[in-house]
Amino acid sequence: MTTEFSSTLNYVNCTLSNGVGEMVLDRADKHNAFDEVMIGEMISALEYFAKSAACQVLILKANGKNFSAGADLNWMRKQAKMDFKQNLNDANELAKLMSQLDKFPKPTLALVQGAAFGGALGLICCCDIAIANQRASFCLSEVKLGLIPAVISPYVTRAMGQRAARRYMLTAERFDSVKAQELQVIHEINDDLERAAEPIINQLISNSPQGMAWVKTLLSTLEDGVIDQQTLDHTSERIAKIRVSDEGQEGLNAFFEKRSPKWNSSTDNTQGAK
């Protein structure tokens, strides 16, 4: 990662080493609450990591006791004074952040400690894998303020399901890491987040970059649960296309030759979306 890019960020720390990119929320004094500046920095970081051939896996984590308290209070005060058009532009930026993280072409892993409220829960649900410590707590608190968790709702509802989303978006009650795992918001509970992440990262790094990118785009086309002729045609076309691709050929040949595959880090992973 270039120092020039890192130096432009104030609220997000970014590193890239041995194929692993890290995007670290760094407003510990504000419980990593985000505002328009932090959102813009996260968007820029995601764009950087997405384009970097050296980045194979992206870790989302935060400094301090809490992952994120959600929206920054000063940012909320600004929103209260904005007109509809200004609020729409503001909301569109948050929507852009969530969409970019959700559609990020490489595996993403969220490491969650402490509080993860409001929009922070959206970030977690946009990641492919999430691990939280035992003291982590979650809350969709928007209705307490007369608001709704609109921008994050597609991702949170996809993770926990419509029935659970109705409860926790309506009650705004807190729930712990055990309940979050039960709701499939997180996959694992471990107080040593770094150690818990290590075997997952190692497994991801060993896989085909193109294969993982194509899995993500494939799954995005199956979210409606419909299995019709179009679904069958699409999935057949996907497997046929990847079998004849460079990485598909390398993976198959390596398997038959009983050797480790040599993945091409410069593979165009965007093909999976075509």
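Here, residue 1 is the first one in the sequence, and each next residue gets the next number. Keep in mind that what you see is a predicted model, and the values were worked out from it rather than measured. Side chains included, hydrogens not; waters and symmetry mates left out as well; all remaining heavy atoms used.
- No donor-acceptor pair closer than 3.5 Å links the side chain of Lys216 to the backbone N or O of Lys103.
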Item to check | Phe49 vs Phe104, side-chain contact (heavy atoms from CB on, under 4.5 Å): CA-CA, chis, key distance, verdict | outcome: CA-CA 9 Å; Phe49 284 123; Phe104 193 75; 3.6 Å; yes

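- When only modelled atom types and interatomic distance are considered, Asp191 and Gln134 share a side-chain donor-acceptor pair under 3.5 Å.
- Heavy atoms from other residues, nucleotides or ligands lying under 6.0 Å from CD of Gln184 number 12 at most.
- Cluster membership check: Ile152 shares its hydrophobic cluster with Phe34, using side-chain heavy-atom separations under 4.5 Å among Ile, Leu, Val, Met, Phe, Trp and Tyr.
- Under a hydrophobic-cluster definition in which Ile, Leu, Val, Met, Phe, Trp and Tyr are linked whenever side-chain heavy atoms come within less than 4.5 Å, directly or via other members, Val12 and Leu111 are assigned to different clusters.
- Hydrophobic clustering, with ILVMFWY side chains joined whenever heavy atoms are under 4.5 angstrom apart, keeps Leu123 apart from Phe117.
- Side-chain atoms of Thr108 and Asp128 form a donor-acceptor pair, as typed in the model, at a separation below 3.5 Å.
- In this model, no donor atom of one side chain and acceptor atom of the other lie less than 3.5 Å apart for Ser99 and Asp102.
- When only modelled atom types and interatomic distance are considered, Glu93 and Asn89 share no side-chain donor-acceptor pair under 3.5 Å.
- In terms of modelled atom types and a separation under 3.5 Å, the side chain of Glu47 and the main chain of Met42 share no donor-acceptor contact.
- The environment of CG in Asp224 is crowded: more than 12 heavy-atom neighbours from other residues, nucleotides or ligands sit within 6.0 Å.
- Between the side chain of Gln86 and the main chain of Asp83, a donor-acceptor pair closer than 3.5 Å is present.
- With hydrogens and angles ignored, the 3.5 Å screen pairs a side-chain donor or acceptor of Ser206 with a backbone N or O of Gln203.
- Shown here is Leu232, whose CG atom has more than 12 heavy atoms of other residues, nucleotides or ligands within 6.0 Å.
- The backbone N or O of Leu25 lies less than 3.5 Å from no partner atom in the side chain of Lys61, so there is not a single donor-acceptor pair.
- Around atom CZ of Arg135, more than 12 heavy atoms belonging to other residues, nucleotides or ligands sit under 6.0 Å away.
- Side-chain contact between Ser137 and Phe175 is absent, with no heavy-atom pair separated by less than 4.5 Å.
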Checklist entry - Could you walk me through whether Arg243 and Ile239 pass the side-chain contact (heavy atoms from CB on, under 4.5 Å) check? => result CA-CA 6 Å; Arg243 281 175 185 163; Ile239 186 59; 3.5 Å; yes

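- Judged by distance alone, the side chains of Asp90 and Gln79 do bring a donor and an acceptor atom under 3.5 Å apart.
- Put simply, the residue from Ile124, Asn133, Asn32 that forms a side-chain contact (heavy atoms from CB on, under 4.5 Å) with Phe67 is Ile124.
- Nearest heavy atom pair, residue Leu109 against residue Ala130, reads CD1-N, 4.3 Å.
- Side chains of Ser208 and Glu247: a donor-acceptor N/O pair is present below 3.5 angstrom, by distance only.
- Counting heavy atoms from C-beta on, the side chains of Ile186 and Ser177 come closer than 4.5 Å.
- Residues Ile131 and Ile200 meet the side-chain proximity criterion, which asks for heavy atoms closer than 4.5 Å.
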Next on the checklist: Under the criterion side-chain contact (heavy atoms from CB on, under 4.5 Å), I'd like the reasoning laid out for Arg158 against Cys125: C-alpha separation, chi angles, the key distance, then a yes or no.
Outcome noted: CA-CA 8 Å; Arg158 181 183 61 191; Cys125 291; 5.9 Å; no

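- Listed by chain and number, the residues in a salt bridge (charged side-chain N to carboxylate O under 4.0 Å, His left out) with Glu182 are Lys179 (sequence neighbours excluded).
- For Ser52 (side chain) and Tyr48 (main-chain N/O), no donor-acceptor pair under 3.5 Å exists by modelled atom type.
- You'll find the side chain of Leu101 reaches within 4.5 Å of the side chain of Leu60, heavy atoms only.
- Summarising the local packing, CD of Gln230 is surrounded by 12 or fewer heavy atoms from other residues, nucleotides or ligands at distances under 6.0 Å.
- In this structure, the side chain of Asn66 does not engage the main chain of Ser68 through any donor-acceptor pair within 3.5 Å.
- The number of heavy atoms from other shown groups lying within 6.0 Å of CZ (Arg195) does not exceed 12.
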